[in-house]
Trainee: 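For reference, the structure I am asking about is given below.
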Amino acid sequence: FLNRSLGGLFGVFLAFFGAASLSFAWPKLKGGFGAAVVAGKVDDLRNQVFLADGAMQPVFIASAQSWIVPYQGNPDDSQFGANATVGGAGANVGLMALWQKCVHLGCRVPDCVSSQGFECPCHGSKYNFHGEYQDGPAPRNMDRFVVSVADNGDFVIDTGSVVQTARAPVKTALYPQGPSCV
Ligand code: FES
């Protein structure tokens, strides 16, 4: 009787373990980090990022672990990686999504309004507001996600598609523009 009970328990354990492993390994197809995340309407986000006085304010999207920042260049430029930017109507001002995870050892990187960049509190890596490497032990620019704008105006961050780029030899955003935060 004991042998059968133990065998049954072991079978139940294996079934649970198998199901948990499968659900962990299975890619998320919709919603949540690891999949496509709708950050909001692209026009609303632009209004939040580009302030009336000409300054910029990164917008944090927790569900995508992303900072939404300006992209002020030609959408066909490749320095930020394929499909990592979206263009803007007319003014050629668009957006991109930076992964908040520091590319050095993975700390969360906050924005620094006074310097107009991102500064890691762990070991001092610094990036301008395009996520380009400026200083510290980080081996490359901040990572970006593939982004797109849906027909209904949703700004979509594909957190399953990480775009990595090498330290930019020529920076596309001025940094620092004021005192650092770390
Ligand atoms: Fe950011 Fe080390 S984790 S500098």
Side-chain angles (χ1 to χ4, degrees), residues 21 23-28 31-40 42 45-46 48-51 54-75 77-86 93-148 155-182:
S21 303
S23 75
F24 180 76
W26 208 260
K28 281 187 176 178
F33 191 76
V37 173
V38 174
V42 68
L45 292 167
R46 281 200 186 103
Q48 294 173 57
V49 169
F50 299 102
L51 305 181
M56 80 97 204
Q57 174 64 58
V59 173
F60 185 64
I61 305 296
S63 55
Q65 300 182 17
S66 300
W67 288 105
I68 296 182
V69 296
Y71 167 61
Q72 295 159 302
N74 186 334
D77 288 351
S78 61
Q79 77 267 26
F80 298 129
N83 302 319
T85 62
V86 292
V93 171
L95 300 173
M96 55 187 168
L98 305 177
W99 194 355
Q100 71 164 163
K101 191 172 125 181
C102 184
V103 297
H104 178 222
L105 293 178
C107 288
R108 293 179 184 183
V109 186
D111 67 328
C112 176
V113 173
S114 56
S115 68
Q116 290 279 280
F118 295 91
E119 300 178 354
C120 184
C122 292
H123 313 101
S125 287
K126 294 176 180 172
Y127 315 84
N128 65 21
F129 67 63
H130 281 172
E132 292 165 327
Y133 169 87
Q134 291 281 348
D135 200 9
R140 61 181 184 272
N141 299 328
M142 288 175 79
D143 291 339
R144 299 175 179 81
F145 293 116
V146 166
V147 291
S148 59
F155 181 73
V156 181
I157 305 173
D158 183 357
T159 58
S161 300
V162 181
V163 179
Q164 297 184 351
T165 52
R167 291 176 175 180
V170 179
K171 308 293 188 293
T172 59
L174 183 64
Y175 174 91
Q177 299 184 34
S180 287
C181 299
V182 298

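For ligands, and for the atoms within them, numbers begin at 1 and follow the listed sequence.
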Trainee: Looking only at side-chain N and O atoms, does D111 offer a donor or acceptor that is under 3.5 Å from a partner on Q57?
Mentor: yes
Trainee: Starting from atom 3 (S) of ligand 1, which protein heavy atom do you reach first, and at what distance in Å?
Mentor: L105 N, 3.3 Å
Trainee: Working note: E132 + Y175, criterion side chain to side chain contact (heavy atoms under 4.5 Å, CB included); need CA distance, chi angles, decisive distance, verdict.
Mentor: CA-CA 10 Å; E132 292 165 327; Y175 174 91; over 6 Å; no
Trainee: Near C107, which atoms of ligand 1 are under 4.0 Å from a heavy atom of that residue?
Mentor: 3 (S)
Trainee: Can you tell which part of S125 has a heavy atom less than 4.0 Å from ligand 1: side chain, backbone, both or neither?
Mentor: both
Trainee: Using the ring of each side chain (for Trp, its six-membered ring), is Y71 parallel, tilted or perpendicular to H130, with breaks at 30° and 60°?
Mentor: tilted
Trainee: Using a cut-off of strictly less than 2.8 Å, determine whether C120 has an N/O/S atom near atom 1 (Fe) of ligand 1.
Mentor: yes
Trainee: Just wondering, is there an N, O or S atom on C102 that's nearer than 2.8 Å to atom 1 (Fe) of ligand 1?
Mentor: yes
Trainee: Using the ring of each side chain (for Trp, its six-membered ring), is F145 parallel, tilted or perpendicular to W99, with breaks at 30° and 60°?
Mentor: tilted
Trainee: Looking only at heavy atoms, what is the nearest atom pair of S180 and C112, with distance?
Mentor: C-SG, 4.0 Å
Trainee: Nearest N/O/S atom of H104 with respect to atom 2 (Fe) of ligand 1, by atom name, please.
Mentor: ND1
Trainee: Could you tell me whether any N, O or S atom belonging to H123 is less than 2.8 Å from atom 2 (Fe) of ligand 1?
Mentor: yes
Trainee: For the pair F118 and W67, name the ring-plane relationship: parallel under 30°, tilted 30 to 60°, perpendicular over 60°.
Mentor: tilted
